[in-house]
Number of protein chains: 2
Amino acid sequence: MRLKQAFDGEEGGETKRRLLAAAINVFAEQGYNAATLREITSAAGVNIAAVNYHFGSKQALMRAVFHRLARPVNELRLKLLDEYEEQAGGRPLSLEQILDALFRPIVFLSRERKTGGFALVRLIIQVRALPQPFMNSVLSEQFDPVASRIVDALCRSLPHLTREEVFWRYDFALGAMLHVISDADRGLRRLHRLSGGLCDTDDPARITDELIRFVVAGMRGPGQDQTSRKAGEERDAANTRAVT
Amino acid sequence: MRLKQAFDGEEGGETKRRLLAAAINVFAEQGYNAATLREITSAAGVNIAAVNYHFGSKQALMRAVFHRLARPVNELRLKLLDEYEEQAGGRPLSLEQILDALFRPIVFLSRERKTGGFALVRLIIQVRALPQPFMNSVLSEQFDPVASRIVDALCRSLPHLTREEVFWRYDFALGAMLHVISDADRGLRRLHRLSGGLCDTDDPARITDELIRFVVAGMRGPGQDQTSRKAGEERDAANTRAVT
DNA sequence: GTCTATAACACGATAGAC
DNA sequence: GTCTATCGTGTTATAGAC
């Protein structure tokens, strides 16, 4: 029953566990293509043949890595949504709650190198940069349920937007989050450098704070059907507030 | 004088030109690591040894590709900023103008496969997903000047934000743009699929429109020092407007 | 400038002993 | 379950003829 266990990894003994842990780091660090099974097995301290025995192939190992990393984050997101919805008792959630459930689990995890949250973000970006057909199923399976829940919640809390507009803005929000999180990586840190050190991309609370403030305002902005007259009024009002 | 020409490519004859054009496509399609010089030279219809003769190495070829793709986009961005600032005659630019200069060149170019704009976005995301030290210099050289101009303009137009907050929001805006643009790639298209076809990620005018509306609202949102009382008022006002 | 031929090495996967 | 040894194939880079 090897295939049944292929996505887990807690099961299957020490060798399999060490292999998965090493694969997380090497895939995240080198990318799927550049990562070699020799480097992974060497880092895990196991024989090179163990990958094929325990996982079947390099692709299957990659899928197991992704599954392992994404599952706890998305489970936590859904759990937070459940809690907030129970508190709300039928009323729409606040935007802050929805975005907190979406962002906080992955932002905080991403700053803890030990637990592999750092690796998850790198792998998500890698899959977006070089879409690989064999990853599509894992990606959908892991992220689609959360996306649906979030978008539905956003629609309830943003009645001035069409469902299409909510989808666009959900995607913008996700992009902003992934971008800023991935920027803290060793070898990149463009925001930290560009800002002359002003922006500390290692502080997850600060990132979440700035991110939610920006996205909440962006979500609340007028939709396409709001007239330009109204948008103009809001703009003037905002400028007046800012200056005074 | 090979090195002097290494970043250009218009110069240097037909073989070099064809090589660079093929390299743009193959690097974008396969990623730097997975792309092989055999595939590039084969697509260009030139001999495999030509890469080393004309560019010196695979890394140098990649740098030349990036240089060639990024330069026209950033030159156009700076040209737009110049025009808008001349029109404004010393007054701060509108947010719409600043973001138009930042987004429009790359969003529109990215939907034209022929001219390689599609390739530029993929390569930017690839470099972010797998930072490679030999790319840092090209990246800074190409993008830092634009980033500085944009952030300075934003600071003038957003007096209610600190410079640090402007940097954060600039990064969020960039991430939202790159994410949504990269999503239209063959093999990904998650937004299109998740939204049940509602969001057409192939329409650059629509993308720019939605993007600028979202980002403008996000930028105008209250900063960290704005009291929660004030933020609460704005939120209530927004909700009231939305419901009525 | 462009070619062929090849050096020197790394890869994923597997067969088969233990 | 874990090992060694190896197959077949791929890579970048270069040497040297034309």
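Given the structure is predicted, the values throughout are model-derived calculations rather than measurements. Chain letters run A, B, ... following the sequence lines, proteins first and then strands; every chain starts at 1.
OP1 or OP2 of C:dT2 lies within a sub-4.0 Å distance of a side-chain N or O belonging to B:Thr15.
We find that NE2 of A:His54 is positioned 17 Å from C1' of C:dG12, with the value rounded to whole Å. Here the P atom of nucleotide C:dA10 and the CD atom of A:Gln30 are 15 Å apart, to the nearest Å. Rounded to an integer number of Å, the gap from B:Lys16 NZ to C:dT2 P is 11 Å. As a whole-Å value, the separation of B:Tyr53 OH from C:dT2 C1' is 9 Å. Per the geometry, CG belonging to B:Asn33 stands 18 Å off P belonging to D:dG10, to the nearest Å. Between the CZ atom of A:Phe55 and the P atom of D:dG1 there is a distance of 12 Å, given to the nearest Å. Rounded to a whole Å, the CZ atom of A:Arg17 is 15 Å from the P atom of D:dG1.
The side-chain tip of B:Lys58 points at the ring of B:Tyr32 from less than 6.0 angstrom away and within 45° of straight on.
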Inset, instruction - For each nucleotide in nucleotides 13-18 of chain C, reading 5' to 3', give B when a protein heavy atom comes within less than 4.0 Å of its base, S when such contact involves only the sugar-phosphate, and - otherwise. - result: SB----
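Classification of B:Arg213 and B:Asp209 as a salt-bridged pair holds, one side-chain N sitting under 4.0 Å from a carboxylate O. Ion pairing of B:Glu85 with B:Arg149 is present here, as a side-chain N (NZ or NE/NH1/NH2) and a carboxylate O approach within less than 4.0 Å.
A donor-acceptor pair under 3.5 Å links the side-chain atoms of A:Asp203 to the main chain of A:Arg206, judged by distance alone.
Across all strands, A:Ala35 comes closer than 4.0 Å only to sugar-phosphate atoms, never to a base (heavy-atom distances).
The side-chain hydrogen bond (donor to acceptor under 3.5 Å, both in side chains) test applied to B:Arg77 returns B:Asn74, not counting sequence neighbours.
Using cut-offs of 30° and 60° for the angle between ring planes, the B:Phe143 and B:Phe66 rings count as perpendicular.
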